[in-house]
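Below is one structure, written out as structure tokens; comments come after it.
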Amino acid sequence: MPAASTILSIVVPCFNEQDVLCETCSRLLAVRAALVAKAKISPRSHIVFVDDGSRDSTWQLIEAWVQGGSPVTGVKLSRNCGHQNALLAGMSCSRADAVVTIDADLQDDETAIERMVDAYLQGCEVVYGVRARRDSDSWFKRVTARGFYRLLSALGVPTVFDHADYRLLGRRAIDYLQRFGEINLFLRGVVPLLGLRSCAVHYDRRPRRAGVSKYPLRRMIEFALDGITSFSIAPLRAITVVGMGLSLACVGLAGWALAVRLTLAEAVPGWASTILPIFFLGGVQLFCVGMLGEYIGKIYMESKKRPRYLIETVAKPEGLQRRAGAAKRKSRPHGARPIRIDHRRWLPETVADTLAGPK
Ligand code: UDP
Ligand code: MG
């Protein structure tokens with residue numbers, strides 16, 4: 001497919017963003033116009049504003065742009081469903097070849113979209129926007145965000161360090177994403193699971209242009225807990241480990257108490273027989289709760305019904321070659337490419353590849 005026929009959607013979730021939205025719209029329209037002029041994207045490309053149950057005049061602004069004939073689409077959610085669901089709604093409504101998701105507050109440098117599109121045109125189906133500098137964030141936000149990324153990776157959750165929800169996804173990545181049926185969607189963890197060819201584009205994070213953050217501390221903690229519990233049963237497993245440790249420590253202490261009783265005359269009578277059973281039974285109970293947790297964890301993971309595999313390429317004899325997931329498309333987005341099976345494209349190598357991707 002020649003580059004100029006690549007339809008791009010820029011999806012922007014908006015929750016009470018009337019103060020910043022006019023500037024956001026004009027900047028994104030300028031980016032779109034420049035890409036169309038350079039024949040990198042089709043003139044049918046557009047911006048999709050998703051109103052996530054705003055109570056201010058966000059929707060009225062969006063409606064006015066749509067009625068005024070701007071290349072803008074509006075999607076209004078019936079209530080505030082949260083940032084992640086607003087992003088998913090915008091992506092699901094778009095039938096474009098590629099979708100860029102970007103926050104409404106212009107903290108993410110919109111000029112990086114061109115580099116994302118370039119990477120897509122060179123064959124990357126997932127392009128992560130990675131923050132090279134985030135000096136504009138408060139000290140608290142920087143420290144908690146980085147601590148969160150480290151904790152996630154320690155728990156085995158696949159994430160790209162310093163990447164939030166600024167990314168480009170190709171058509172196939174979006175279609176694959178729809179197959180993750182979980183209610184508590186944590187896109188930063190799910191997108192690396194797609195395992196498609198990915199790379200990173202770095203940019204400097206800026207301060208919010210106007211309006212206030214929609215993520216106060218309470219929502220940040222909820223989001224972090226959602227991220228951890230949607231991907232890891234390590235907290236449940238920790239109960240088993242603590243219970244087992246406590247029980248074993250009690251056995252050791254019982255030996256020590258017996259030695260004191262036998263060797264020293266001044267051992268406190270009744271201490272060991274009162275205290276040790278309390279700790280021992282506490283340990284056994286925690287261990288049992290942990291074991292139950294193991295099973296609940298398995299049920300929980302099963303209930304997600306995540307796809308067990310996603311196909312990147314299918315190798316077929318000459319003449320029958322076709323890229324997986326592109327069955328109904330008339331042509332390919334990046335021109336003909338040799339078909340290969342790449343077994344490296346699975347975690348955690350995918351994330352490592354991404355971080356090693358072009359700057
Ligand atoms: N947002 C949303 N629904 C919500 C909360 C936030 O659609 O319930 C949008 C918000 O309008 C913005 C993006 O998600 O476009 C990120 O929010 P924000 O910039 O306030 O988060 P921060 O950068 O402070 O973490
Ligand atoms: Mg922001």
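In each ligand, atom 1 is the first atom listed, and ligand 1 is the first ligand listed.
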Has Met220 got any heavy atom lying under 4.0 angstrom from an atom of ligand 1?
no
Gln84 touching ligand 1 at heavy-atom level, < 4.0 angstrom
no
N or O contact, Phe15 vs ligand 1, cut-off under 3.5 Å:
yes
What I want to know is whether Ala86 and ligand 1 share at least one N or O pair that is separated by under 3.5 angstrom.
no
Could you pull out the N/O/S protein atoms under 2.8 Å of the Mg ion (ligand 2), ignoring any water?
Asp105 OD2, Gln107 OE1
Provide, to 0.1 Å, the distance between [atom] and the closest protein heavy atom, together with that atom's residue and name.
| atom | result |
| --- | --- |
| atom 16 (C) of ligand 1 | Asp103 OD2, 3.3 Å |
| atom 5 (C) of ligand 1 | Lys214 CB, 3.6 Å |
| atom 10 (C) of ligand 1 | Glu17 OE2, 3.2 Å |
| atom 19 (O) of ligand 1 | Asp105 OD2, 2.6 Å |
| atom 3 (N) of ligand 1 | Asp52 OD2, 2.6 Å |
| atom 8 (O) of ligand 1 | Arg219 NH2, 2.8 Å |
| atom 23 (O) of ligand 1 | Gln107 OE1, 2.9 Å |

Is Arg44 atom CZ crowded by more than 12 heavy atoms from other residues, nucleotides or ligands, each under 6.0 Å away?
no
Tell me if the centroids of the rings in Tyr128 and Tyr166 come within less than 6.0 Å of each other.
no
Do Trp59 and Phe49 make the cut of ring centroids closer than 6.0 angstrom?
no
Could you check whether Arg208 pairs with Asp105 (Lys NZ or Arg NE/NH1/NH2 to Asp/Glu carboxylate O, under 4.0 Å)?
yes
